[in-house]
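This report concerns only the one structure given below.
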Amino acid sequence: MTYTLKEKQTYKKMGVTVFLYEHNKTKAQVAYVKNDDHNKTFGIGFKTPPTNSKGMAHIMEHSVLNGSKKYRTREPFMDMASSSLQTFLNAMTYPDKTVYPVSSENDKDFFNLTDVYLDAVFNPQVINKKEILDQEGWHYVMEDGKITGISGVVYNEMKGALTDPDELVYDDFISYLYKNSPYQYESGGDPAEIYKLSFDEFKEFYKNHYHPSNAYIYFYGDLDIDFYLDHLDKEYLSNYEYKNLDFNIEVPSNQYDKIIESTYPASRLDESSDYLVYGFLTKENTDTKYYLTLLILLSALFHMDSSKIRNQIYEQIDPEDFTARIGYGVRSSIILQAQKTDASKLDRFIQIIENGLKEASKGMNKESLKSAFSIFEYGQREQLISVMRGLTYFLMWSFEKPVFESFKIVDYLDELRDLIDTDYYENFIRDNFIDNPTKLIYIAKPSTKYTEEKQAELKSYIENLNSTMTKEKLELIRTDLERLDIHQNKKDNEEEKATIPVLNIKDVETHVEKTPREIVDDKFKYVYHNIDTAGLIYTSLYFDVDHLSLDELRYLSLINDFMGSVDTNNLPYTQIDDILFQNLSSPNFSNAFISINDKDSARLEKVSFTSTIETIEKSIDLIADFMFNSKFDNKKRIIELLRMRKSYFESTMYDNGHILAINRANSHIDENIMLKDELSGIGSYLFTKEVINQAQEDFDGFINKLNDIYKKIFTSNLEVNITGSRENFLKVKKLLNNKFNSLDKKENKVKLDFIPKSYKEAIISGANVNYVAKSANIKELKSKFNGKIMLATTILSNPYLYELIRAKGGAYGAGLTISKNGLLSAYSYRDPNILKTIENFDKISDLTKNIDISKRDFENQKISSMGSILRPKSPSTLADEDYVKYKKENPIDPEKLLSEIKTSTLDEIKAYNDLFKKSMQEENICVFGNRENITDIKNEFDKIIDLND
């Protein structure tokens, strides 16, 4: 017998049966989650707790996907990305594990992806090819016989990832709280440590971790598990003997008598710019019930506007932002951070937290608990209809506990709901939070020398290398770089390409299931979608706001952030969350800009929320209260929200840098994207900084303007987009008709003063790397979006730009993308270069003209492009996309796109070289990134904006 079935559990509420097998020879753990989902998921993971911050686990995650024994091309991962119908294809490094998940609805494709990943982790080429480590991890840069720097994909990725001060402070705090455990290290790799990783260390890490005895293997969906178990054994597991690998993690109860003081990078020293952090460890190796309790308490005690602790911190500590999170690991933690305040307020910060916890242990606000609990209940309902639930279940598997723990969530939630009216939560706070000996207090102060000192360390290291380097060592480095260059320029031959499994394009459907749509003209126009939503009702209200000027729209974006976070005539903001989340989920006020045709656009205010039939009436009442009764007269609260808006942008901008750069470049040439940037991008950030000063200096003037605009928003031409059962739709329609009985006004449209103009712009930030975008509007070049140009951008992204900018240039990512509105954008992500990348963008035309791929490769690219259209979508996404189609005069037909891709010829794709040449000649550029890199080439730009001004 090859496997032993260790346990089987059925979870009726989740619609799954879970089997846990153990491979008898190697003790590998294999889970199968059986249900009728056609979007099948496979995953394999390994415990990989780090012992330093050299990033071995992260670099290994990248490297094993660069060729294997069976799949002999240079990068099978990218080959599958450009030839598969995958619905998910990636790999992730956690602080204590590495996972490789894939998903696909196509049976053959799913098998192919599964086998490519299995061969990658068990038979990778990297063990014998240092050049893969050099490319994916790090390598020296040499010029004129001297070492001048360090590069590498992970090296540059982590330079970008460790830019945000919030994350730097958090990571530093964790290194103390979790001292003497794997969690004290940066599993992704610290750039200051990555270049100390040797090839021998790297190989040893693989040998010790990538073994079936340390493997956690997962299958999900409607599949033949016996076939996959047999294949798994015969092809892979049977080749190994059992190996006793012990990666159990213990986190000691570290105790600190003194406050820890540190620094974070800042471009200047502002007043009240310190970080205050309070944290403590919780219990070790607890079950899901314990973790859910932590999540519920975190929300009720610290996240909600009704939180006494939160409100006192904002009132008395006056931070720019206050965050609370649970630390990752076999032993969780609570980490509370006040950002950008004054260190002199530390004692009061501690008092507020500790007094608040003691008060909560004597009696919690039960309404806050119910509201916090409802958030998780809504999330669980959403999970039942999620198109990626198979992936979610895999990522929930901690490897420290049996896979079944992930599926007990519904039962635990039922139990925790019943415990709200007991003293369970109060006792939990008392037992786990109060008088906790692991309490750690931490202060981080700004330092203008932080980055300079890091750069000086690297410079000194390189200078020392050059001064002490022997001829023999220099020759070894030169040889390694030559091998890397050969590796990066090597083209896969036909024999190697033939090892990559492929689909037949004839088997790829060009039929797309149409989203059901019914237009109901009643008091308002209703766009109704009859889709199974597990009892949830998705509602979106759309109002015309094309009567507002650009300046008014900017203020509208602020009002959207204030909705539900300020007092109304009926509720103080401190009570709203306690009521709101018991009745609805995902309340959101935002803007939508939809191109109706080439000349006209709809500018809309969107109000969306999710509810159930039991709570829909109360949900509508609450949303209407925000829409018509909000008050903006609380100066402290308004400024607090503005500072939080600024802080949120700063904390997310480096992860989304390529999106910000693309949108900013496109904002030069497209009115709708200009609006998007002004309301949620770089333009919005600059505006937010302006209005914070305005609100502080002339609050009455600021509020008068807000109130004038507020009165103009929810007045004009209401349309409602609803998704759910017909019975629920009819009830919602009746409620909305009664609630909004006077919204039939039509205002005159305001023409925006927008003139498209290409120019070269740079945005200076605190980033360690760059995000480069170059774009053009192909409609202005007498072309248009279709399936053929979509295919062309797919081919140019991978392999061409991928090889030039990522593999050779060291950027974490790069590509060419085309929007349905005809905006063509080349971009890079976490890129050490600027001019070199722009030069590579300018090669796109020649690359297109000289595309050299086989008939099979071309067919693979078609399959990949078609797969991006065919991926499954959630009910809410389907409804939102269909509303946009409804608004357009000539919406793009996905079946037409699929047909155009399928019938494309290579000559048709190559013919786009002229369009791409003209597009890149437009010289419409945005670089968002590193101060020094941009300043060094400042004469290359027509306009430079410094975010720190």
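Model, not experiment: these values are computed from the prediction.
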| query | Between Tyr573 and Arg637, is there a cation-pi geometry (under 6.0 Å to ring centre, at most 45° from the normal)? | reply | yes
| Should His58 and Thr98 count as side-chain neighbours, where that means a heavy-atom distance under 4.5 Å? | no
| Donor-acceptor contact below 3.5 Å, side chain Tyr412 vs main chain Asp287 | no
| task | Please check if atom NZ in Lys635 has more than 12 non-hydrogen atoms from other residues, nucleotides or ligands closer than 6.0 Å. | result | yes
| query | Can Glu426 and Arg430 be counted as an ion pair, charged N to O under 4.0 angstrom? | reply | no
| query | For residues 381-402, which residue pairs qualify under ring-ring contact (aromatic ring centres under 6.0 Å, His included), counting only residues two or more places apart or in two chains? | reply | Tyr216-Trp397, Tyr216-Phe399, Tyr218-Phe394, Tyr393-Phe407, Trp397-Phe399
| request: Starting at OG of Ser611, measure out to CD1 of Ile613 and round the result to the nearest 0.5 Å. | output: 8.0 Å
| query | Centre of Tyr94's six-membered ring, under 6.0 Å away, within 45 degrees of the axis: is that where NZ or CZ of Lys97 sits? | reply | yes
| field | Heavy atoms of other groups near Lys6 NZ, more than 12 under 6.0 Å | value | no
| task | Supply the atom-to-atom distance Ser103 OG to Met388 CE, rounded to the nearest 0.5 angstrom. | result | 4.0 Å
| message | To the nearest 0.5 Å, what is the distance between OG on Ser187 and CE on Met158? | response | 7.0 Å
| message | Within this structure, what is the CG-CG distance for the pair Leu301 and Leu369, rounded to the nearest 0.5 Å? | response | 7.5 Å
| query | Counting only heavy atoms not in Lys179, do more than 12 fall under 6.0 Å of its NZ? | reply | no
| said: Run Asp561 and Arg645 through salt bridge (Lys or Arg N to Asp or Glu O under 4.0 Å) and show every step you take. | reply: CA-CA 8 Å; Asp561 277 3; Arg645 173 185 169 101; 2.8 Å; yes
| field | Polar side-chain atom of Glu415 near backbone of Asp411 as donor-acceptor pair, under 3.5 Å | value | no
| request: Decide yes or no for Leu297 and Ile334: does some side-chain heavy atom of the first lie under 4.5 Å from some side-chain heavy atom of the second? | output: no
| field | Donor-acceptor pair, side chain of Ser647 and main chain of Arg643, under 3.5 angstrom | value | no
| note | Heavy-atom closest pair (Lys13 atom, Leu384 atom, distance to 0.1 Å) is O-CD2, 3.6 Å
| field | Whether Phe42 and Phe219 hold their rings parallel, tilted or perpendicular, with breakpoints at 30° and 60° | value | tilted
| query | Got a salt bridge between Lys445 and Asp274, using NZ or NE/NH1/NH2 to carboxylate O under 4.0 Å? | reply | yes
| message | Is it the case that atom CD in Glu617 sees more than 12 heavy atoms from other parts of the structure closer than 6.0 Å? | response | no
| note | Heavy-atom nearest pair, Pro101 first then Leu391, reads CB-CD1, 3.6 Å
| said: Tell me if a side-chain donor or acceptor on Thr288 pairs with a main-chain N or O of Glu405 at a distance below 3.5 Å. | reply: yes
| task | Indicate yes or no: at least one non-hydrogen side-chain atom of Tyr290 is less than 4.5 angstrom from one of Phe428. | result | yes
| Is Phe247 atom CZ crowded by more than 12 heavy atoms from other residues, nucleotides or ligands, each under 6.0 Å away? | yes
| field | Any Tyr220 side-chain heavy atom under 4.5 Å of Lys34 side chain | value | no
| message | Is there a salt bridge (Lys or Arg N to Asp or Glu O under 4.0 Å) between Arg325 and Glu167? Walk through the geometry before answering. | response | CA-CA 12 Å; Arg325 59 171 122 178; Glu167 285 305 308; 3.3 Å; yes
| Side-chain touch Glu315/Lys636, heavy atoms, less than 4.5 angstrom | yes
| said: List the residues meeting side-chain hydrogen bond (donor to acceptor under 3.5 Å, both in side chains) with Glu22, not counting sequence neighbours, and say none if there are none. | reply: Gln29
| query | Does Phe19 offer a backbone N or O that forms a donor-acceptor pair with the side chain of Gln9 under 3.5 Å? | reply | no
| query | Does the Lys308 side chain pair with the main chain of Ile352, one donor and one acceptor, at a distance under 3.5 Å? | reply | no
| request: Please say whether more than 12 non-hydrogen atoms of neighbouring residues, nucleotides or ligands are located less than 6.0 Å from CD in Glu250. | output: no
| query | Is the backbone N or O of Tyr178 less than 3.5 Å from a side-chain atom of Ser181, with the two atoms forming a donor-acceptor pair by type? | reply | yes
| said: Parallel, tilted or perpendicular: which one describes the rings of Phe349 and Tyr278, with boundaries at 30° and 60°? | reply: perpendicular
| request: Output yes when a side-chain donor or acceptor of Asp190 lies under 3.5 Å from a complementary backbone atom of Glu186, and no otherwise. | output: no
| said: As an exercise, state the distance from CZ of Arg331 to OG1 of Thr286, rounded to the nearest 0.5 Å. | reply: 10.0 Å
| field | Note, Tyr275 side chain near Thr341 side chain (heavy atom, < 4.5 Å) | value | no
| query | Is it the case that Arg310 places NZ or CZ above or below the six-membered ring of Phe322, under 6.0 angstrom from the centre and within 45 degrees of the axis? | reply | no
| Exam field: side chain His209 to backbone Phe46, donor-acceptor pair closer than 3.5 Å | no
| said: I'd like to check Leu168 versus Asp166 (side-chain heavy atoms, cut-off strictly below 4.5 Å). Are they in contact? | reply: no
| query | Does the distance from a Lys or Arg side-chain N to an Asp or Glu carboxylate O, for Lys345 and Asp342, drop under 4.0 Å? | reply | no
| task | Side-chain contact test, heavy atoms from C-beta onward, threshold under 4.5 Å: evaluate it for Tyr328 versus Asp96 and give yes or no. | result | yes
| message | Tell me whether Tyr176 contacts the main-chain N or O of Asn254 through its side chain, where contact means a donor paired with an acceptor under 3.5 Å. | response | no
| task | Show your working on side-chain contact (heavy atoms from CB on, under 4.5 Å) between Val99 and Ile44 and close with a plain yes or no. | result | CA-CA 6 Å; Val99 296; Ile44 183 166; over 6 Å; no
| message | Check this for me: Lys366, atom NZ, are more than 12 non-hydrogen atoms of other residues, nucleotides or ligands nearer than 6.0 Å? | response | yes
